[in-house]
Amino acid sequence: MTDARMRSREQERTDETESESTDGCPECGGLVVNDEEHGESVCADCGLVVEEDGIDRGPEWRAFDSKEKDEKSRVGAPTTNTMHDKGLSTNIDWRDKDAYGNSLSSNQRQKMQRLRKWNERFRTRDAKERNLKQALGEIDRMASALGLPDNVRETASVIYRRALEDDLLPGRSIEGVATSCVYAAARQAGVPRSLDEIADVSRVEKAEIARTYRYVVRELGLEVAPADPESYVPRFASDLGLSDEASHRARELLKTAKDKGVHSGKSPVGLAAAAVYAAALLTNEKTTQAKVSEVADISEVTIRNRYHELLEAEDTIPV
Amino acid sequence: MLQEDKRELSESYFSKERLAEHHFRSYNAFLEHGMQDVVTEKERIETDIGDKEDEEPVWVELGDVRAVTPRVREADGSEELLYPQEARLRNITYSAPVFMEMSIVRGGEEEEERVLDTTETKVGRMPIMVGSDKCNISGFSDEELIEIGEDPADPGGYFIINGSERVLMTSEDLAPNKILAEYDSKYGDEIQVAKTFSQRRGYRALVLVERNREGLLEVSFPSVSGSISFVTLVRALGLESDEEIVHRVSEDPEIVKFMLENLEEADVQTQEEAIEDLGQRVASGQGKNYQLKRANYVIDRYLLPHLHEDGVEEEETRINKAYYLCRMAEACFELALGRREADDKDHYANKRLKVSGDLMKDLFRTALNKLARDVKYQLERANMRNRELTVNTVVRSDVLTERLEHPIATGNWVGGRSGVSQLVDRTDFMGVLSHLRRLRSPLSRSQPHFEARDLHATQWGRICPSETPEGPNCGLVKNFAQAMELSQDVDDERDLKQELSSMGVEGIPGISMETTSTTSADD
């Protein structure tokens, strides 16, 4: 684990220097590195200071636990697209208490009641805003049921906002569009969920989701690469209780298949299921086609066909 | 006993499991039946569907609930077993998915009831105490623990939330459902008060019986502003005649004299009059029917809730409430006549400890209510848009998870208490042990409370006499004595009552006996 972290950190560092050195040192064309301690960009070869007095945009304080962080931080939560008002609007508490915790007088109470009402009306002032509120709630609900991480929810919300902006909603249901946004966002983030899984938690039928999804992708010009069969492997493997070795083997099978071009035109879910099944057999772990078929929601026939293709592709590779 | 034997005995007694034993026992009891109890109490989630015409009502029945062992859900959707050390290193929460059986039911008014969907669904994630029954490392040998990066000497007994170890502080509360008599002063005069913190299913109501300077008894309880006359209240509860009231309180001639004064002052004679009187107090200016309804509701809901019990008639409960109030009155009079001392609030018999399991139960109850509200909202919305109602599409598991994790992460518990969870003190090994065995008094540290801070004789063998902080928390934060044993409440009160009844105790509500006779039901 520490190894992996070190590696990623190193990679980050090289990424950084590379992006800095696109122009290179103006004197010798050498590598320019960032010296954070002195706030300078320095050429690693000739030592020329390319840039000085760099700005650190981070906070000027340090916090050692969450309580200290709360005390020192002067900003609120960042804006988010997963809320219809981006989390920026004012909330009037339902308790009739002032900042000191004292109860308000009846005059004040009435005033707050009125303010509360108008605040609520103003927050959701037009149809679009109300529509957003509903849809974002749906997106959050489905994402939570599918266990999707926050960045996917954010992406899904952005896609939905664009769809709403471009007037794609008339003629389609809010739920349908919201579902296809979740589906698209999950695929874009490389954590795809199959249509069946999505349909399970959605309030609309599978056919409608597929139709709306195609429409949204076309109209918004979303670039969604075909799902990588490898991204399904860890999930199937963990559902079937297979070892890391088996899932590693499954990835290998899929890699060779991709190199051979066997995968084109085949359903990625089917390929992944077959690879997991094949890998389990190759590593002598117990599983059946029926079990894999249940976990992946793919027919046994498909698994068998893909299985043969995968193994054939493997065999023709010279070891 | 030989020195050697003693050593062996104490070594095996202070094995590592003992040191955080109270946390494990309490939390395991919560996982085993506490969680199910809360769900069973809730029973069902009602919705507003069906309020309109031509619409059948819809509700959700809640069934069995169970938690599995901690798992982590990765972004790619795979789910794997999680060990504490991984949770600490990756800054994630050591929690287990909770599943609950739910069925959506429609009908009941014109159509027949029909189940639309029944599924066992994931409702959220429950933080799991390290070392508890549901913990992945329970039952591991030392070698296995080292293998997964765990310290075999670690006592456990804490939670891991977002990678930080949090321990739930045991809190010391006044014993509920017990009559405490004490002196108080009102307008410069000394008066006598009998108090009971009546508690049932997380609802806590303070009932006060006061003997004011005229010698009249007044009762106050939640939802009734001010206080009402004792005699009116017991008459409303069905204890009507003068004679019965007096004898229920006491046979003592002097107390009887006091009671007669009270009866002379009474403005109502019958149960109906008393309820009307109460109605005017709780819903003044409303219609008469509403007043009566409200009065009955207040009696059954807010007055001494701990006397309610499943399978006991409302009528019987009411008369039991009247008897209980009479006992409180008796305590007041005895105090006034100097027949007894005021109860000592610092006596350990009058205290109860809230350990992690009890705290988690409080948390789970509010979290479940929040989830229920969300399910109701989702159901109503799905129904309004004429969608098929399925369990999977109305449960948002984030709701419960968030409500369970946030209080443990911040220490801001339900009911406005703060500092309930604390970061485990890892200064050294002894620090951890001491922290796990620490307990806190809910009293404010900014006030003197000299008596509460003093070492009380009943703390002998239970509380360490020397380990307490210096400064404002002195005597309010305490630590368990080494060989302290914490007894738990009875799991099944019915069994206990049956046993008591077989030993000859009469008049226990809800326990039928051959020997029951109304006249000898004195308690």
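Chain letters run A, B, ... following the sequence lines, proteins first and then strands; every chain starts at 1.
Sparse packing is recorded around NZ of B/Lys370, with 12 or fewer heavy atoms of other residues, nucleotides or ligands lying under 6.0 Å away. The neighbour count for A/Asp244 CG, taken as heavy atoms of other residues, nucleotides or ligands under 6.0 Å away, does not exceed 12. Residue B/Glu144 qualifies as enclosed at atom CD: its count of foreign heavy atoms under 6.0 Å is above 12. The environment of CD in A/Glu294 is sparse: at most 12 heavy-atom neighbours from other residues, nucleotides or ligands sit within 6.0 Å.
Electrostatic pairing of B/Arg396 and A/Glu138 does not count as a salt bridge here, judged by no charged N lying under 4.0 Å from a carboxylate O.
For chain A, no part of B/Val399 is nearby; none of its heavy atoms comes within less than 4.5 Å.
At a heavy-atom cut-off of under 4.5 Å, chain B is reached by A/Val191, A/Arg193, A/Asp200 from residues 177-200 of chain A, listed in order of number. Residues of residues 146-156 of chain A lying under 4.5 angstrom from chain B, judged on non-hydrogen atoms, are A/Leu146, A/Gly147, A/Pro149, A/Arg153 by number.
If you take CZ on A/Arg235 and CD on B/Glu74, they are separated by 12.5 Å, rounding to the nearest 0.5 Å. A distance of 11.5 Å separates CZ of A/Arg141 from CG of B/Asp398, quoted to the nearest 0.5 Å.
Minimum heavy-atom separation, A/Arg203 to B/Thr393: NH2-O, 2.8 Å.
Contact count versus chain A (heavy atoms, under 4.5 Å) is highest, among B/Glu79, B/Glu388, B/Arg381, for B/Arg381. Between chain B and the residues A/Ser144, A/Ser238, A/Ser231, A/Ser202, the most heavy-atom pairs under 4.5 angstrom are made by A/Ser144.
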